[in-house]
2 protein chains.
Amino acid sequence: MSRTAPTAALNEGESDSRKTSQNDRIYEEMLAAILEQRLAPGTKLSEDTLGEIFGVSRTVIRTVLQRLAHEQIVRIQPNRGAFVSEPTPEEAREVLQARRLIEEGIVRKAVRNQTLADIKNLKKSVASERLSLETGDHEAWVRLSGDFHLKLAEIAGNQTLTAFLRELVSRTSLIIVQYQKGTLSPCSCDEHTEIIEAIAAGDEDRAIELMNAHLQACEDQLNLQGSDAKADLYSIFAKPAKLEEKSGSVI
Amino acid sequence: MSRTAPTAALNEGESDSRKTSQNDRIYEEMLAAILEQRLAPGTKLSEDTLGEIFGVSRTVIRTVLQRLAHEQIVRIQPNRGAFVSEPTPEEAREVLQARRLIEEGIVRKAVRNQTLADIKNLKKSVASERLSLETGDHEAWVRLSGDFHLKLAEIAGNQTLTAFLRELVSRTSLIIVQYQKGTLSPCSCDEHTEIIEAIAAGDEDRAIELMNAHLQACEDQLNLQGSDAKADLYSIFAKPAKLEEKSGSVI
DNA sequence: TTTATTATTTTTGTATACAATATTTTTCTA
DNA sequence: TAGAAAAATATTGTATACAAAAATAATAAA
């Protein structure tokens with residue numbers, strides 16, 4: 001079976017040869033499974049099991065896991081295996097901060113580079129987003145919501161920044177899964193729409209301001225008290241926190 | 001069982017086990033070889049050969065090559081192998097643009113987070129840099145010159161941004177190798193020193209301005225006409241450019 | 001001689017085998 | 001029964017074997 005319709009253009013200079021796309025196929029499937037919450041943070045990703053599921057040897061699974069690990073979606077512990085990442089509150093703040101910085105630059109460039117077709121495309125994207133929200137298709141919404149930001153990056157036209165943002169968007173999904181307070185964002189579609197309008201109007205300052213507010217709103221909807229659940233347990237019982245695998249940076 | 005004593009601070013949650021560090025060792029050596037110009041852009045990186053050199057099987061070499069490829073230091077062509085990256089002029093511009101954006105944010109944070117020890121540390125770093133320049137130790141200079149920017153990132157205190165910048169710094173080295181016009185930067189040490197002084201003085205705007213100027217100066221020293229050598233050949237002979245492996249993105 | 005075609009060799013992609021390490025279960029002792 | 005030590009099991013890390021593809025060499029035709 002030929003691979004699922006080449007959804008979108010392939011990022012990098014990969015030819016669409018059969019072998020390589022097998023790698024990509026498994027990568028895409030695993031990434032989707034994690035971002036759509038079918039694989040919860042902390043889940044062990046056994047090489048043997050995944051190999052059986054996808055009908056390949058551990059060799060190719062390993063490659064995929066390493067790729068996901070490099071994007072911080074998966075965490076590899078030497079001799080212990082791979083696990084779905086459990087971003088700490090600190091990491092969450094870092095990712096959102098990095099996004100504010102990078103997306104400010106992206107918006108600035110997008111305002112300059114935009115064409116009418118781009119604006120149309122963005123509007124269509126937000127329309128799909130709104131639809132998925134109305135029909136309650138959570139999985140589609142997660143994907144589309146991120147796609148908006150990536151589309152903006154493509155308009156800006158710096159592939160290096162786009163690649164960074166792609167990683168940040170994925171990590172943001174994982175962060176939202178782990179730290180969303182109550183309900184989902186009331187309707188980020190409206191915020192996206194406002195951003196589009198500011199860009200279309202060529203109002204750079206306003207577009208940047210809106211994007212910053214949008215990302216800040218996203219962060220504000222998270223439940224990021226100083227420490228994560230495990231550390232809280234220790235603080236609650238007033239014992240010195242043991243050094244555990246779950247703890248954040250070693251330093 | 002408690003794990004091996006956490007020797008020193010390792011970046012990520014990697015234990016210091018022998019096996020993993022073998023991987024890291026080879027990675028570091030190969031990265032250094034590329035950045036220090038002992039491996040020129042375009043060089044084929046044969047798995048068998050590298051395996052023999054480092055006394056390991058292709059398996060571990062493959063892992064390292066994939067890691068380098070993800071950092072854009074190496075380019076993997078399916079069924080053809082790995083090559084030292086040959087960044088295009090467009091990529092070069094993108095990388096420098098991304099750096100201006102990210103390092104602006106880093107400088108802003110560094111101004112706020114700085115301690116006296118940090119400033120001392122930075123000054124020491126620049127002193128080493130100057131020394132390497134005076135003694136003509138080019139390899140050391142390449143490394144130290146990048147270290148300055150990474151130290152700044154660490155002061156800023158966002159590990160996610162630091163990781164991005166680390167990749168960008170490596171890529172910049174590769175870009176300089178390929179596109180430096182005449183002599184090396186007259187003395188970027190002075191520019192580094194000025195940046196430190198602005199940061200120490202808490203003058204955010206000036207520090208940002210100096211950093212931007214510094215990175216722009218770096219870009220201006222490159223020979224980045226619209227197209228690379230190969231494309232030039234075609235334009236010179238006024239023939240339609242054939243699509244070659246060397247061309248940039250496929251899309 | 002030059003070009004096209006075929007055969008050979010080399011190299012990468014993937015599966016499997018074995019070794020090293022972690023995890024679990026069992027057994028033993030207090 | 002609870003806890004510790006030891007054996008058994010399972011999982012990862014690495015090397016090797018084999019298949020598929022590309023690069024090279026050799027041969028044949030013009």
Side-chain angles (χ1 to χ4, degrees), chain A residues 2-3 10 12-27 29-30 39 42-70 74-85 242-246, chain B residues 1-7 10 12-27 29-30 39 42-70 74-85 243-246:
Chain A
S2 78
R3 87 197 218 64
L10 282 186
E12 306 253 61
E14 307 276 325
S15 78
D16 63 344
S17 93
R18 220 42 51 189
K19 296 295 169 56
T20 310
S21 68
Q22 173 177 257
N23 236 316
D24 290 346
R25 200 195 92 240
I26 296 172
Y27 165 81
E29 280 206 42
M30 289 193 56
L39 283 171
T43 304
K44 171 78 185 284
L45 300 172
S46 155
E47 296 178 0
D48 265 326
T49 308
L50 289 170
E52 280 183 31
I53 288 171
F54 289 107
V56 295
S57 75
R58 290 201 300 127
T59 310
V60 55
I61 295 294
R62 255 167 161 263
T63 303
V64 171
L65 288 174
Q66 278 155 9
R67 187 168 160 192
L68 288 165
H70 199 265
V74 150
R75 178 179 169 82
I76 291 176
Q77 290 183 281
N79 286 320
R80 302 235 9 246
F83 304 81
V84 177
S85 286
K242 248 196 305 191
L243 195 60
E244 291 256 353
E245 61 184 49
K246 227 176 195 172
Chain B
M1 207 20 160
S2 76
R3 297 162 79 53
T4 51
T7 349
L10 283 187
E12 306 254 63
E14 309 274 326
S15 79
D16 62 345
S17 92
R18 218 41 46 193
K19 297 294 171 55
T20 309
S21 68
Q22 171 178 260
N23 236 316
D24 290 347
R25 201 194 91 241
I26 296 173
Y27 165 81
E29 282 207 42
M30 286 191 58
L39 283 171
T43 305
K44 171 79 184 282
L45 300 171
S46 152
E47 297 177 0
D48 264 325
T49 309
L50 289 169
E52 278 183 34
I53 289 170
F54 289 107
V56 295
S57 73
R58 289 200 298 130
T59 310
V60 55
I61 296 294
R62 253 166 164 263
T63 302
V64 171
L65 288 175
Q66 278 154 10
R67 189 169 161 191
L68 288 165
H70 199 267
V74 151
R75 178 180 170 82
I76 291 177
Q77 291 183 281
N79 286 319
R80 302 234 12 240
F83 305 80
V84 178
S85 287
L243 196 60
E244 290 256 355
E245 64 185 46
K246 233 181 192 165

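Naming: A, B, ... by sequence-line order, numbering from 1 per chain.
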Quiz item: Could you give the CZ-to-C1' distance, from Arg80(B) to dT11(C), as a whole number of Å?
Solution: 11 Å
Quiz item: Has Gln77(A) got a side-chain N or O lying under 4.0 Å from the OP1 or OP2 atom of dA22(C)?
Solution: no
Practice problem: Check DNA chain D against residues 47-60 of chain A and give the residues with a non-hydrogen atom under 4.0 Å, in numerical order. | Solution: Glu47(A), Arg58(A)
Quiz prompt | Side-chain heavy-atom pair Phe54(B), Arg25(B) within 4.5 angstrom cut-off | solution = yes
Quiz item: Which residues pass the salt bridge (charged side-chain N to carboxylate O under 4.0 Å, His left out) test with Glu52(A), sequence neighbours left out?
Solution: none
Exercise. Starting at atom CZ of Phe83(B), determine the distance to atom C1' of dT12(C), rounded to an integer number of angstrom.
Key: 11 Å
Quiz item: If you check the Asn79(B) side chain, which of dA23(D), dA21(D), dT14(C) turns out closest?
Solution: dA21(D)
Practice problem: Can you sort out the partners of Ala82(A) under side-chain contact (heavy atoms from CB on, under 4.5 Å), two or more places apart, ordered by chain and number? | Solution: Leu45(A), Leu65(A), Val74(A), Ile76(A)
Self-check item: Partner residues of Gln66(A) under the side chain to side chain donor-acceptor pair (under 3.5 Å) criterion, sequence neighbours left out
Solution: none
Quiz item: Counting side-chain heavy atoms from C-beta on, which of dT12(D), dT14(D), dA22(D) comes nearest to Asn23(B)?
Solution: dT14(D)
Exercise. Identify the two heavy atoms, one from Ser85(A) and one from Arg75(A), that lie closest to each other, and give their separation to 0.1 Å.
Key: OG-N, 3.7 Å
Self-check item: Length of the line joining Asp24(B):CG and dT14(D):C1', which is rounded to integer Å
Solution: 16 Å
Practice problem: Report yes if a side-chain nitrogen or oxygen of Lys44(B) is closer than 4.0 Å to either non-bridging phosphate oxygen (OP1 or OP2) of dA22(D); otherwise report no. | Solution: no
Practice problem: Taking side-chain contact (heavy atoms from CB on, under 4.5 Å) as the test, write out the residues that go with Thr43(B), two or more places apart. | Solution: Leu39(B), Ala40(B), Val84(B)
